[in-house]
Amino acid sequence: MAMSVGSDSTHEDEGIVDINTTPLIDVMLVLLIMLIITIPLQTHSVALDLPQGNPPPTTEQPQVVTVAIDFDNSISWNGQPISGEQDLQAHFMNAAAQADQPEMHIHPNRLADYKTVAHVLADAQRLGITKLGIVGQDQFMEGQ
């Protein structure tokens, strides 16, 4: 009983010249499956009711309140000095209670303490001010 392993070739140094197509077929099948899965997602549509036309621009300007924090950490409301914490909170509560809330422009000085600016921002948020922005940031740019 004899078993033959290999080919009838007498040269054992010959290489196999056939291309192994198994990895190519595997990649092709994966791409085919991905294509089959993604085609139904691309043809699915969602109906949206989008607004038509351009609304007219508002003609009235919003009310703007400027809260300035000076270099010595003094606070002013539209140019009027604020006497203390209670006065500032009262101004914020009055502004938040208005039906059409004014825009709050916080204008900190470059030399003002961070603690004071953060405290004013936290009070404004806590007391219900929603239209809030920091202005005058050009003073913080390099070279000025």
Rounded to the nearest 0.5 Å, how far does CD1 of I82 lie from CG of D87? 4.5 Å

Testing the basics here: between P108 and V135, what is the closest heavy-atom pair and its distance to 0.1 Å? CD-O, 3.9 Å

Hey, is CG on L29 packed in by over 12 heavy atoms from elsewhere, all under 6.0 Å? yes

Distance col, row Q101:CD vs L132:CG, nearest 0.5 angstrom, shows 9.5 Å

Determine the interplanar angle of the W77 and F92 rings, folded into 0 to 90°, and report it as parallel if under 30°, tilted if 30 to 60°, perpendicular if over 60°. perpendicular

Looking at side-chain heavy atoms only, is the closest gap between P102 and Q98 below 4.5 Å? yes

For D100, all residues meeting salt bridge (Lys or Arg N to Asp or Glu O under 4.0 Å), sequence neighbours excluded: K131

Enclosure of Q125 CD (heavy-atom neighbours >12, cutoff 6.0 Å): no

With a 4.5 Å cut-off on side-chain heavy atoms, are L121 and I134 touching? yes

Can you give each donor-acceptor pair under 3.5 Å made by side-chain atoms of residues 60-69, sequence neighbours left out, with the distance rounded to 0.1 Å?
none

Nearest-0.5 Å distance, CD1 of residue I36 to OG1 of residue T38: 9.5 Å

To the nearest 0.5 Å, atom OG1 of T116 lies from atom CG of N109 at 11.5 Å

Within this structure, what is the CG-CG distance for the pair D70 and D72, rounded to the nearest 0.5 Å? 5.0 Å

Decide yes or no for P23 and I25: does some side-chain heavy atom of the first lie under 4.5 Å from some side-chain heavy atom of the second? no

Is a donor from one side chain sitting under 3.5 angstrom from an acceptor on the other, for H105 and E103? yes

With sequence neighbours excluded, residues passing side-chain hydrogen bond (donor to acceptor under 3.5 Å, both in side chains) with N78: none

Look up atom CD in Q89 and atom CG in N94, then write down how far apart they are to the nearest 0.5 Å. 12.0 Å

